[in-house]
Enquirer: 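Below you will find the structure I want to go over with you.
In what follows, chains carry the letters A, B, and so on, assigned in the order in which the sequence lines appear, proteins first and then strands, with residues in each chain numbered from 1. Just so it is clear, the model here is predicted, and its values are computed rather than measured.
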Number of protein chains: 2
Amino acid sequence: MAEKNSSTNAGNESLLFLTDEQLRKGIEAMFFAYRGFTADPDRILEGMDYGRAHHRALHFIHRTPGNTVGNLLAILGVTKQSLNRVLRTLFDDGLVEARTGKTDRRERLLYLTEKGRALERALSDAQRARMRAAYRAAGPQAVQGFRTVLEAMMDPEMRRRFTGMAEGGQ
Amino acid sequence: MAEKNSSTNAGNESLLFLTDEQLRKGIEAMFFAYRGFTADPDRILEGMDYGRAHHRALHFIHRTPGNTVGNLLAILGVTKQSLNRVLRTLFDDGLVEARTGKTDRRERLLYLTEKGRALERALSDAQRARMRAAYRAAGPQAVQGFRTVLEAMMDPEMRRRFTGMAEGGQ
DNA sequence: TTGGAATGTCAACAAGGCTGACATAGCCTT
DNA sequence: AAGGCTATGTCAGCCTTGTTGACATTCCAA
């Protein structure tokens, strides 16, 4: 059955999951799942003047209030010009506010307003609902594996950042 | 509004993976992992006149040669105008060729040329290498869980299509 | 006081989505 | 044979979200 197999592991059952065919299936699963993953928030956003970029900004401002612009840039991995276009509309619409940094007054610390929290909640509720359904359907053991593989797939820099984030839960 | 835990499962160890906090971590893991997932092919593509859209087309033409345009549209979930822009450049550059359908001559069956196969291979080798490393690091059990959760996260229509695809290998 | 850091902003551009409208070829039913 | 539907292509125009480059402001720190 293993049609193609770039490694020299033919006959080794324990490495079956590393055949090119299995890897290809994993790649496609990632592609289709990511589409599902973003579908619900996208649906909410369409019609509003916002898009996925706004969602991402809201998400990360929500999760670490008081973050600086530069930090958000690093997390999102875009240019400041891109982020700024997004932030400007969020400021203008009163979803996000910036407070001047106390120690370094050049910094602008970002926070959601009540209105911003409301939209963030709507978006993340939708996304969490899908994630919850998937988790529930798959079971705790599968979820554990899911998280393990995803972490292994990140760029090392992002993995460091990710596993470092709010580690102890809370 | 239950900040941390929208369900009424406080104290239930087996459902800990369904807390909002866990779900949020899953969401972010998806975000960061997808970035890693696309990073290597993106790096290869940049500089060429191609982008992620070309990669996707090449991938699915490779995996089911002789597919029709309409079928590819359904898989990729884009408009024919978008796909056509991509396909045109791939035709022009001799990476993809279209043969007229035998039973229905309106259909154009898509195939990679040798040149197309070469680029597809370069891209997919890079992507598989990362996937393989992640799989290897995580182990077979985790991979099983990974796939289970991803499938549960797809839209039902896509899940049907995905699980139906080339099931027994081929 | 001066250099560099953090931030904002303007302008121009590209990729890759989208819609709408229209054209052609070929299949199918009447 | 005719008309209708299907598969595909194409033109034109628009949007979002990314990019570079250049430049201004404010403020920390040596």
Side-chain angles (χ1 to χ4, degrees), chain A residues 31 34-35 38-39 41-61 66-93 96-111, chain B residues 31 34-35 38-39 41-61 66-93 96-111:
Chain A
F31 172 67
Y34 197 79
R35 274 237 295 266
T38 56
D42 282 357
R43 231 168 340 250
I44 295 176
L45 263 336
E46 97 181 356
M48 308 198 203
D49 283 353
Y50 305 130
R52 219 177 270 183
H54 299 83
H55 180 193
R56 290 196 283 262
L58 289 175
H59 175 99
F60 284 106
I61 295 172
N67 220 345
T68 65
V69 173
N71 223 303
L72 195 52
L73 283 177
I75 291 171
L76 294 175
V78 299
T79 59
K80 66 178 173 172
Q81 293 91 329
S82 275
L83 177 58
N84 226 264
R85 180 165 36 199
V86 167
L87 283 183
R88 206 179 319 152
T89 74
L90 294 176
F91 287 143
D92 291 352
D93 298 349
V96 171
E97 62 182 16
R99 306 182 199 151
T100 303
K102 297 166 220 312
T103 60
D104 185 335
R105 291 176 35 205
R106 288 168 304 180
E107 294 178 340
R108 308 181 62 199
L109 311 183
L110 303 170
Y111 297 89
Chain B
F31 173 67
Y34 198 79
R35 274 237 294 264
T38 55
D42 282 358
R43 224 158 358 239
I44 294 176
L45 264 336
E46 97 180 356
M48 308 199 205
D49 282 353
Y50 304 130
R52 219 178 270 183
H54 299 82
H55 180 192
R56 291 197 284 261
L58 288 174
H59 175 99
F60 285 106
I61 295 171
N67 220 344
T68 65
V69 173
N71 223 304
L72 194 53
L73 282 177
I75 291 172
L76 295 175
V78 298
T79 59
K80 67 177 172 173
Q81 293 92 329
S82 278
L83 177 57
N84 225 264
R85 179 167 37 200
V86 167
L87 282 184
R88 206 178 319 154
T89 73
L90 294 177
F91 288 141
D92 291 352
D93 298 351
V96 171
E97 63 183 13
R99 307 180 199 152
T100 303
K102 296 164 223 311
T103 62
D104 186 336
R105 290 177 36 205
R106 289 168 305 180
E107 295 177 338
R108 307 182 63 200
L109 311 183
L110 302 170
Y111 296 88

Enquirer: Hey, does the side chain of S82(A) come within less than 4.0 Å of dT17(D)'s phosphate (OP1/OP2), counting only N and O?
Expert: no
Enquirer: On the side chain of R106(B), is there an atom forming a donor-acceptor pair with the base of dT6(D) - under 3.5 Å, no angle test?
Expert: yes
Enquirer: So which one's nearest nucleotide on DNA chain D is more toward 5', K80(A) or N71(B)?
Expert: N71(B)
Enquirer: Start with the C-alpha gap between F31(A) and Y34(B), add the side-chain angles, then the distance that decides, and say whether ring pair (Phe, Tyr, Trp, His ring centres under 6.0 Å) holds.
Expert: CA-CA 9 Å; F31(A) 172 67; Y34(B) 198 79; 7.8 Å; no
Enquirer: Working to the nearest 0.5 angstrom, can you tell me the gap between L83(A) CG and L110(A) CG?
Expert: 8.0 Å
Enquirer: Counting only side-chain nitrogens and oxygens, does H54(A) get under 4.0 Å of the OP1 or OP2 atom of dT17(D)?
Expert: yes
Enquirer: Return whichever of D104(A) or D49(A) has its heavy-atom-nearest nucleotide of DNA chain D closer to the 5' end.
Expert: D49(A)
Enquirer: So does R105(A) pair up with E107(A), basic N to acidic O under 4.0 Å?
Expert: no
Enquirer: Can you tell me if R35(B) uses its side chain to pair, donor with acceptor, with the backbone of L76(A) under 3.5 Å?
Expert: yes
Enquirer: Could you state the atom-to-atom distance from CG of N84(B) to C1' of dC18(C) in whole Å?
Expert: 15 Å
Enquirer: Any chance CG of D49(B) has more than 12 other-residue heavy atoms, nucleotides or ligands included, within less than 6.0 Å?
Expert: no
Enquirer: Distance check needed: dG16(C) C1' versus L87(B) CG, whole Å only.
Expert: 14 Å
Enquirer: Which of parallel (below 30°), tilted (30 to 60°) and perpendicular (above 60°) describes H59(B) and H55(B)?
Expert: perpendicular
Enquirer: Less than 4.0 angstrom between a side-chain N/O of T79(A) and OP1 or OP2 of dT19(D), yes or no?
Expert: yes
Enquirer: Compute whether any side-chain donor of one residue and acceptor of the other, for N67(A) and Y111(A), lie under 3.5 angstrom apart.
Expert: no
Enquirer: Please tabulate the protein-to-nucleotide N/O contacts below 3.5 Å involving nucleotides 10-14 of chain C, giving atom names and distances.
Expert:
none

Enquirer: Which whole-number value in Å describes the distance from N67(A) CG to dA6(C) C1'?
Expert: 14 Å
Enquirer: Please state how far atom NE2 in H55(A) lies from atom P in dT17(D), giving the value in whole angstrom units.
Expert: 12 Å
Enquirer: In this structure, how many angstroms lie between the P atom of dT6(D) and the CD atom of E107(B), rounded?
Expert: 13 Å
Enquirer: Take the protein atom CZ of F91(B) and the nucleotide atom P of dT8(D), then report the distance between them rounded to whole Å.
Expert: 11 Å
